[in-house]
Amino acid sequence: MVQRILERGEIESLDHTSIPRLRQPVRASVFADRAARLRQLAQDHPLSSYLLLMAALADAQQHALRDCALPGAEKGRIELSQAHGMPPLQATGWERAPGWRDILKALLAQLSSAPGLPPEAGQVIQSLEQRLTNHPEAIETQADALLAERENDVDAASAPFIMAALQVYWTSLAADFNAGDLPVVSPKGVCPLCGSLPVASIVRVGGQADGCRYLCCSLCSSEWHLVRVTCSHCDDTKSIAFHQIEDGPEGIKAESCDNCQTYRKIFYQEKVLNADAVADDLGSLTLDMLMGEAGYSRASGNPLLWQNEQTEES
Ligand SMILES: [Zn+2]
Ligand SMILES: [Zn+2]
């Protein structure tokens, strides 16, 4: 099957006024879909045990999201964000309801009884549970570092679990958000709802979004539209190239930009109907290695995979 590639003129001739600007997460299924995709990717995969652990984490996230009800943005905050074109659920600086740590506690409790839990993960979970009880302020500090994407302040081992709880929190806020309240103008390059960086993008099939590319938020699970063949990091349109692994899996490319020397992955739903940005990104780390060798750096990381400087140096 030959992939249909829209030429630039063709892309520009599409009627953008009918393209939905925002796709909000579906509370009933967002993390369950991710868990299913992670399990599918884990088959015969060199990182199988890690992907299965993340699948169990996504199951726990779905469970926690179901019972999650949180106060959203107040009217004043929405008006202010509309006036200044700022994300109404801006994650950095958000006064988190302390109950978010109960979400983390619930995730850890469900995970610790997951079948086949690797012993190292069990230790990380245990130490996180102790810190939640004895040093909740340390958990808050980690959460702040994660939301601000200050990689050097992040404890890589516990980061995926804390991040998972924050994802449940913001996904709940994003699912409840009234789309009509979205500011007309949003800052470029970040999620229009929560201001976080995208993990990757997906070209969607079906309905008004058919053939359109959406950037996928690493935190609140929302997606926002960005015209294809455009750098999602610096907005350049002139030096974009697409890379894929020869004889590699279908439906995955890296969209690189020679203006800023970065790339993000792009997944094609017409090839993989249940593609999930977070899951498929974790499942295709070989492409990251090759892009690194080609001199490009990732424009942003995966919310469930963190590296510390020390780890890289050792
Ligand atoms: Zn977001
Ligand atoms: Zn660029």
Side-chain angles (χ1 to χ4, degrees), residues 8 20-27 30-31 34 61 65 68 70 72-73 77-78 81 85-94 96 100 143-144 146-149 162-179 181-183 185-202 213-243 253-266 276-278 281 291-292 294-304:
R8 178 165 302 285
R21 184 177 153 211
L22 184 74
R23 291 164 61 92
Q24 288 171 267
V26 178
R27 183 184 288 272
V30 51
F31 293 114
R34 178 165 304 159
Q61 284 180 294
L65 181 63
C68 197
L70 295 157
R77 189 177 178 115
I78 287 174
S81 77
M86 293 306 292
L89 303 173
Q90 179 79 44
T92 48
W94 183 275
R96 294 184 292 272
W100 84 269
D144 289 339
L146 284 164
L147 293 176
E149 291 162 72
I162 299 176
M163 193 64 194
L166 295 169
Q167 282 182 327
V168 171
Y169 192 111
W170 261 274
T171 300
S172 179
L173 293 181
D176 287 345
F177 189 80
N178 174 11
D181 286 341
L182 193 68
V185 185
S186 297
K188 283 193 185 299
V190 295
C191 172
L193 275 187
C194 77
S196 302
L197 292 170
V199 57
S201 64
I202 299 186
R213 180 260 287 272
Y214 283 84
L215 291 167
C216 309
C217 182
S218 53
L219 181 66
C220 79
S221 317
S222 298
E223 300 182 7
W224 64 102
H225 177 244
L226 178 70
V227 177
R228 287 167 71 172
V229 204
T230 304
C231 176
S232 57
H233 185 62
C234 77
D235 240 21
D236 183 74
T237 56
K238 295 185 186 66
S239 45
I240 305 299
F242 294 89
H243 315 251
K253 287 178 187 168
E255 185 183 46
S256 73
C257 169
D258 282 341
N259 186 50
C260 66
Q261 289 295 312
T262 71
Y263 72 94
R264 279 198 176 100
K265 288 177 202 161
I266 178 163
D276 174 274
V278 172
D281 182 48
M291 291 305 288
Y296 295 100
S297 43
R298 269 185 78 111
S300 51
N302 187 297
L304 302 182

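Atoms within a ligand are numbered from 1 in the order they appear, just like the ligands themselves. All of these numbers come straight from a predicted model, not from anything done at the bench.
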**Request:** Give a yes or no on whether a salt bridge exists between Asp176 and Arg27, defined as a side-chain N under 4.0 angstrom from a carboxylate O.
**Result:**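 Salt bridge between Asp176 and Arg27, a charged N being under 4.0 Å from a carboxylate O: yes.
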**Request:** Look at Arg264 together with Asp281 and state whether they make a salt bridge at an N to O cut-off of under 4.0 Å.
**Result:** no
**Asked** Can you find a heavy atom in the side chain of His243 that is under 4.5 Å from one in the side chain of Tyr263?
**Response**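 They are not in contact (no side-chain heavy atoms under 4.5 Å apart), so the answer is no.
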**Message:** With heavy-atom distances below 4.5 Å as the criterion, would you say the side chains of Lys265 and Met291 are in contact?
**Reply:**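 No. Closest side-chain heavy atoms not under 4.5 Å.
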**Request:** For the atoms SG of Cys191 and SG of Cys220, give the angle they form at the Zn ion (ligand 1), rounded to 10 degrees.
**Result:**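 Value, to the nearest 10 degrees: 100°.
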**Message:** What protein N/O/S atoms are there under 2.8 Å from the Zn ion (ligand 2), waters excluded?
**Reply:** Cys231 SG, Cys234 SG, Cys257 SG, Cys260 SG
**Prompt:** Would Arg213 and Ser232 count as a side-chain hydrogen bond (donor to acceptor under 3.5 Å, both in side chains) if you check the C-alpha gap in whole Å, the side-chain angles of each, and the deciding distance to 0.1 Å?
**Reply:** CA-CA 11 Å; Arg213 180 260 287 272; Ser232 57; 5.4 Å; no
**Message:** Run the ring-ring contact (aromatic ring centres under 6.0 Å, His included) test against Phe177 and tell me which residues pass, sequence neighbours left out.
**Reply:**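 Result, ring-ring contact (aromatic ring centres under 6.0 Å, His included) vs Phe177: none returned.
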